[in-house]
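Comments concern the structure below.
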Amino acid sequence: MELASKYNPAEVEGKWYQYWVDNRLFHSEPDGREPYTIVIPPPNVTGVLHMGHMLNNTIQDILVRRARMKGKNALWVPGTDHASIATEAKVVAKLAAQGIRKADLTRDDFLKHAWEWKEEHGGIILKQLRRLGCSCDWDRTAFTMDEVRSRSVIKVFCDLYDKGLIYRGVRMVNWDPKAKTALSDEEVVYKEEHSKLYYLRYYIADQENVTPTGIDGEVLHKDAKGWYAVVATTRPETIMGDTAMCINPNDPKNRWISGHRVIVPLVGREIPVIEDEYVDIEFGTGCLKVTPAHDVNDYMLGEKYNLQTIDIFNDDGSISEAAGIYVGQDRFAVRKQIAIDLDAAGLLEKIEDYTNKVGYSERNADTAIEPKLSMQWFLKMQHFADMALPPVMNDELKFYPPKYKNTYRNWLENIKDWCVSRQLWWGHRIPAYYLPQGGYVVAETIGEAVEKARAKSGDASLTAADLRQDEDVLDTWFSSWLWPISLFDGINNPDNEEIKYYYSTNDLVTGPDIIFFWVARMIMAGYEYRGDMPFRNVYFTGIVRDKLGRKMSKSLGNSPDPIGLIEKYGADGVRMGLMLSAPAGNDIPFDEAICEQGRNFNNKIWNAFRLTQSWTVSDSAAQPESSRLAVEWFDALLARSAAEIDDLMSKYRISEALMTAYKLFWDEFASWYLEIIKPAYGQPIDRLTYESTLSLFENLLLLLHPFMPFITEELWQAVRERKPGESIMNQSVLGIAHQYEEKVISDFDSCKALVTEVRSIRKQKNIAMREALTVETVGKNPLERLNSVIMKMAGLDSIESVDSKSDGTAPFMVGTYEFAVRLGGLIDVDAELAKLDAELAHLEGFLKGVMGKLNNQNFVAHAPAAVVGLERKKQSDAEQKIAAVRENMRRLGRDC
RNA sequence: GUUUCGUUAGCUCAGCCGGUUUAGAGCGCUUGCUUCACACGCAAGAGGUCCGCGGUUCGAAUCCGCGACGAAACACCA
């Protein structure tokens, strides 16, 4: 078989993915084995793959492939999220481009368009995951709005309502004026903004009663029109909603305003001055305008002092009739205009630059959130927080890295009720039905609703047509929080075999940005509906950033196209690149160049295989001693590395596990093992070594498979004839980490050190490899057992045991063993001495440090015997080495 | 502002419940190599007052305190 010198991923990836699918190797059914389960964090159904997904799903695939190879019944359930706000926004935008306004459509018509959109774009991201090699059980692909999941959501809503945990009421909520819906607190992100602070004049209504008291520090304002107070605000456009002014009762400079009434500028309305310690004396002028309808804190003041509430905004953020002026204009246009108008009216004292934080919709990054009073549905959260906190704090449910436990606790300890209703159409419609005579019932089906309505109203003639279902849908996360249960239909059929077998799942892999949105709430739902944790471990990935440390975003254009990367470097190369740069929990500064390292490694593996294929195998040739030793050594090393990888993986130190496998293959297998067993040019390889090598190579492929599934399958299939349907995917790695002798490995390390010393001398002296050298050992050669390997790798003709080193040799040490290379006339005495000087200085410095400890009575008295013993060993080793160096110097003619 | 995390080679990080031959890895860098698997390579190297200052200890990159710088989460002053 002729193999190209470069590995070409494009030729093999599609083929093997199809093979895995055709042979149903990703599919799982409950059986007698131990299950290993992951549920995918469902990506937005109409989304496309980004680097965050690539990272996250690579990790999940590594975990699930490993579990499979360890004999578990491994299942990775895929699916997508309906992403209510994001998807509805996209559909609205698409319709708008066609000249269709959402407002002109009926709910049913709009949903028809939305489903069409979902059918058209949905699932692209799942296809992309296939390119990455994800071993999801596609037979189980779910959608948060499919039949089973929808029924689960409705059932849970009704159940929580019946438990008294869901209520409906008018509250101050975060309002998205673009999507025209309420949002939960978690869906608001605050961004720092450069804005202005406007100082407005509020004239005192009862001018005649103003009595300046003459206290120092008083700030009194008076002009031709009389006394006035000054209010600093960032939002002058809300003055139409002002229903009070507030000062701090402990603020001497504003005492004079106390008890007066003031006039809202431009509006002309008289409002009271109230006093509350909430007001910060130091901020602005210490006078606060109170707009109960448009600010959370003002709302609280309004409740406390029974103030009037004037809602001056329409749902789209324009000014409402209630404002009286600027009606119909946009809030930001009004902010500009009102400043001009106030100034013209002499009501604007000054404008200052100011930096503050403004809330934006997490989904519509360009839309500023408006606090707004509205009727919404809420879920009481204290009950859930009480359940969900302990298991995480006491590590029953583990977070990796654990620092997120604090974040989690912080949120749960300050939990607020969850606004679950959204004024959208795309989502699960709230199963509340309003009666014609007022009031409502909550029911899973319309039939049930009619029954409940009849009972409630006493009117037995009520029919479905008389009931009006709530227009709102539920927050997307209200379906996501059930995901680990609803995927196995555990809400609708709590006793079914699947939920009993697969729940609790094992690992959840997700980003820390959705710890509140999703992780915490899944834990809550898990305990509420299964009485158990939804997953045993949560692995929080970092955020993928660009190499400058910036978040990847569309607007910066710094986000590489994942599929483009796969095409360029191969899926295995990209997977490796991501994993090499991703220690657990740290953000990942992603530089495309690191994929090159992944690609290069693929090529290395490919070429190692190519080498084995270039050999002719002889059944008559005897196995060289060096090959026998190499096999023995590498088998032990493989066992040790497999155990190390197991250990690292159990701690979710995935990048270190991969690095261990990487170095094992490249530095040990390719650079040492293959070089040792490689037959001389044109010579055949003996059968025994050849077969052993293929077995070792296969084991390496098994260890690497979870990280780089495609190339390992390709080569595993090529190493030997395989039966139809066989795959590396379901081979066991359990046998690799067998018992081994540490000494086999440590002796080989010494052997490698010796070879490296000789090569180094060759390089310094410019001696080519084909020129054979002789090495002397003083006394018995401690590495004699490995002579055959040393000779082959260092290019020696013999290793001779001598009583003392001959003249014209370059000495070196491996540990405390002395060796020398015979160089004859090539020896450069000055250079040799200089080297020895440096070595001596180093050793003496080291010895001095050791002696410092040993001469310290306190150290000898207090330190554990083992530590003291070790220092003594260091001392004797150093002394021995120093003696050897001195001896070498004398031999070169130095007097010392 | 509150809380948390971090600061170790040019870069990205490991080591941190104190002691393992005077600190490790990958990449990058330097110097040789067209050695018949691979230049996406081979071989040999260089490179660090472990942020600063104090303290605890026989002994500190590792524990404690203070400071500097950086990051994140949460809360915000209109």
Side-chain angles (χ1 to χ4, degrees), chain A residues 3 5-7 190 197 231-235 238 246 278-280 282-285 287-291 295 297-298 354 356-357 401 403-411 414 512-513 515-516 543 547 549 569 573 580-583 585-589 591 593-594 596-615 653 655-656 659-660 662-663 670-671 674-675 678 681-682 756 759-764 766 768-770 815-816 842-843 845-850 852-853 856-864 866-868 870-871 873-875 877-878 881:
Chain A
L3 293 170
S5 71
K6 296 225 182 334
Y7 169 60
Y190 290 89
L197 199 52
V231 167
T233 179
T234 52
R235 303 204 59 190
T238 63
C246 191
Y278 161 74
V279 176
D280 182 350
E282 302 303 320
F283 187 88
T285 57
C287 294
L288 173 72
K289 68 194 261 322
V290 183
T291 318
D295 182 278
N297 295 304
D298 290 11
Y354 185 67
N356 66 340
K357 285 193 179 161
K403 67 177 174 185
Y404 289 111
K405 283 164 69 178
N406 272 315
T407 311
Y408 181 80
R409 186 181 61 201
N410 200 281
W411 188 65
N414 297 288
D513 49 331
I515 186 167
F516 308 137
I543 294 166
K547 58 182 167 185
Y569 302 102
L580 284 175
S581 46
N586 284 6
D587 281 0
I588 297 145
D591 185 346
I594 201 158
E596 283 177 25
Q597 194 184 346
R599 179 203 59 190
N600 294 353
F601 184 50
N602 276 283
N603 207 238
K604 188 72 189 177
I605 299 171
W606 178 256
N607 276 293
F609 176 70
R610 220 158 65 96
L611 176 64
T612 66
Q613 295 312 101
S614 73
W615 294 328
R653 305 180 72 144
S655 61
E656 287 172 61
M659 186 48 73
T660 302
Y662 174 87
K663 286 192 283 191
S671 297
L674 288 178
E675 293 298 332
K678 194 193 264 185
Y681 182 63
T756 299
R759 285 174 177 172
S760 179
I761 290 166
R762 278 182 183 278
K763 170 147 184 173
Q764 285 160 33
N766 227 341
M769 194 62 184
R770 55 186 163 277
T816 53
H842 173 263
L843 286 168
F846 176 72
L847 182 62
K848 196 178 157 198
V850 172
K853 285 188 187 176
N856 181 334
Q857 284 311 305
N858 281 324
F859 171 74
V860 179
H862 294 276
V867 173
V868 177
L870 187 68
E871 292 302 316
K873 172 93 169 79
K874 284 188 198 173
Q875 180 195 352
D877 283 359
K881 288 182 197 175

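Naming: A, B, ... by sequence-line order, numbering from 1 per chain. FYI, side chains are in, hydrogens and waters are out, and symmetry mates aren't considered; it's all heavy atoms of this structure.
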Base, sugar-phosphate, or nothing for [X], non-hydrogen atoms under 4.0 angstrom?
| X | result |
| --- | --- |
| T612(A) | nothing |
| F601(A) | nothing |
| K357(A) | base |
| T291(A) | nothing |
| N856(A) | sugar-phosphate |
| L870(A) | sugar-phosphate |
| K853(A) | nothing |
| A670(A) | base |
| T234(A) | sugar-phosphate |
| Y354(A) | sugar-phosphate |
| Q857(A) | nothing |
| E596(A) | nothing |
| G845(A) | base |
| R759(A) | sugar-phosphate |

With respect to the phosphate group of [N], does any side-chain polar atom (N or O) of [X] fall under 4.0 Å of OP1 or OP2?
| X | N | result |
| --- | --- | --- |
| T756(A) | A43(B) | no |
| R610(A) | G41(B) | no |
| Y662(A) | C27(B) | yes |

(message) Does the plane of the ring in F609(A) sit parallel, tilted or perpendicular to the ring in W606(A)? Use 30° and 60° as the thresholds.
(response)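 Tilted, since the angle between the ring planes falls between 30° and 60°.
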
(request) Fit a plane to each ring of F516(A) and W411(A), take the angle between them on a 0 to 90° scale, and name the class: parallel (under 30°), tilted (30 to 60°) or perpendicular (over 60°). (result)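 The rings of F516(A) and W411(A) lie parallel, inter-plane angle below 30°.
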
Between [M] and [N], how far apart are the [atom1] atoms? Round to whole Å, please.
| N | M | atom1 | answer |
| --- | --- | --- | --- |
| C17(B) | U30(B) | C1' | 41 Å |
| G52(B) | G10(B) | P | 14 Å |
| C74(B) | U21(B) | C1' | 48 Å |
| A46(B) | G24(B) | P | 13 Å |
| U49(B) | A9(B) | C1' | 14 Å |
| A68(B) | A25(B) | P | 35 Å |
| U4(B) | C63(B) | P | 16 Å |
| C64(B) | G28(B) | C1' | 38 Å |

Could you measure the distance from the [atom1] atom of [X] to the [atom2] atom of [Y]? Nearest 0.5 Å is fine.
| X | Y | atom1 | atom2 | value |
| --- | --- | --- | --- | --- |
| N858(A) | K853(A) | CG | NZ | 14.0 Å |
| L197(A) | N356(A) | CG | CG | 8.5 Å |
| L580(A) | M659(A) | CG | CE | 5.0 Å |

Do [X] and [N] have a side chain to base donor-acceptor pair shorter than 3.5 Å?
| X | N | value |
| --- | --- | --- |
| K874(A) | U20(B) | no |
| N410(A) | U3(B) | no |
| K604(A) | C38(B) | yes |
| E675(A) | A37(B) | yes |

Quickly work out the [X] [atom1] to [N] [atom2] distance and round it to whole Å.
| X | N | atom1 | atom2 | result |
| --- | --- | --- | --- | --- |
| N603(A) | C40(B) | CG | C1' | 5 Å |
| I543(A) | A73(B) | CD1 | P | 7 Å |
| R653(A) | A14(B) | CZ | P | 8 Å |
| R762(A) | A44(B) | CZ | C1' | 13 Å |
| M659(A) | C27(B) | CE | P | 7 Å |
| I761(A) | G32(B) | CD1 | C1' | 16 Å |
| N356(A) | A75(B) | CG | P | 16 Å |
| M769(A) | C33(B) | CE | P | 17 Å |

Residue [X], side-chain heavy atoms: nucleotide from [options] that is nearest:
| X | options | answer |
| --- | --- | --- |
| N406(A) | U21(B), U4(B), G26(B) | U4(B) |
| F846(A) | A39(B), A78(B), U22(B) | U22(B) |
| V867(A) | C40(B), G19(B), G26(B) | G19(B) |
| K663(A) | G19(B), G26(B), A78(B) | G26(B) |
| K403(A) | A37(B), U4(B), A25(B) | U4(B) |
| S760(A) | U12(B), G26(B), A44(B) | A44(B) |

So which nucleotide does [N] pair with, by the Watson-Crick or G-U wobble rule with both distances under 3.5 Å?
| N | result |
| --- | --- |
| C58(B) | G19(B) |
| G70(B) | C5(B) |
| A25(B) | U12(B) |
| A44(B) | U30(B) |
| C36(B) | none |

(request) Could you pick out which residue, K763(A) or N858(A), lies toward the 5' side of RNA chain B when each is mapped onto its nearest nucleotide? (result)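 Nearest nucleotide further toward 5': that of K763(A).
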
(request) By nearest nucleotide on RNA chain B, pick out whichever of R409(A) and G849(A) is the more 5' one. (result)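 Counting from the 5' end, the first nearest nucleotide belongs to R409(A).
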
(message) I'd like to know if the side chain of N414(A) and the backbone of N410(A) have a donor-acceptor N/O pair within less than 3.5 Å.
(response)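 Indeed, once roles are kept as given, a pair shorter than 3.5 Å links the two residues.
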
(message) Would the distance check show the side chain of S760(A) and the main-chain N or O of T756(A) forming a donor-acceptor pair, the cut-off being under 3.5 Å?
(response)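 Not at all, since once roles are kept as given, no pair shorter than 3.5 Å links the two residues.
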
(message) Under 4.0 Å between a side-chain nitrogen and a carboxylate oxygen: does that hold for K873(A) and D877(A)?
(response)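 Salt bridge between K873(A) and D877(A), a charged N being under 4.0 Å from a carboxylate O: yes.
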
(request) Tell me yes or no: between the side chains of R599(A) and N602(A), is some donor less than 3.5 Å from an acceptor? (result)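 N602(A) and R599(A) do not have a side-chain donor-acceptor pair below 3.5 Å.
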
(request) Could you give me the CA-CA distance, side-chain angles and deciding distance for T238(A) and K289(A), then say whether side-chain contact (heavy atoms from CB on, under 4.5 Å) is met? (result) CA-CA 9 Å; T238(A) 63; K289(A) 68 194 261 322; 2.6 Å; yes

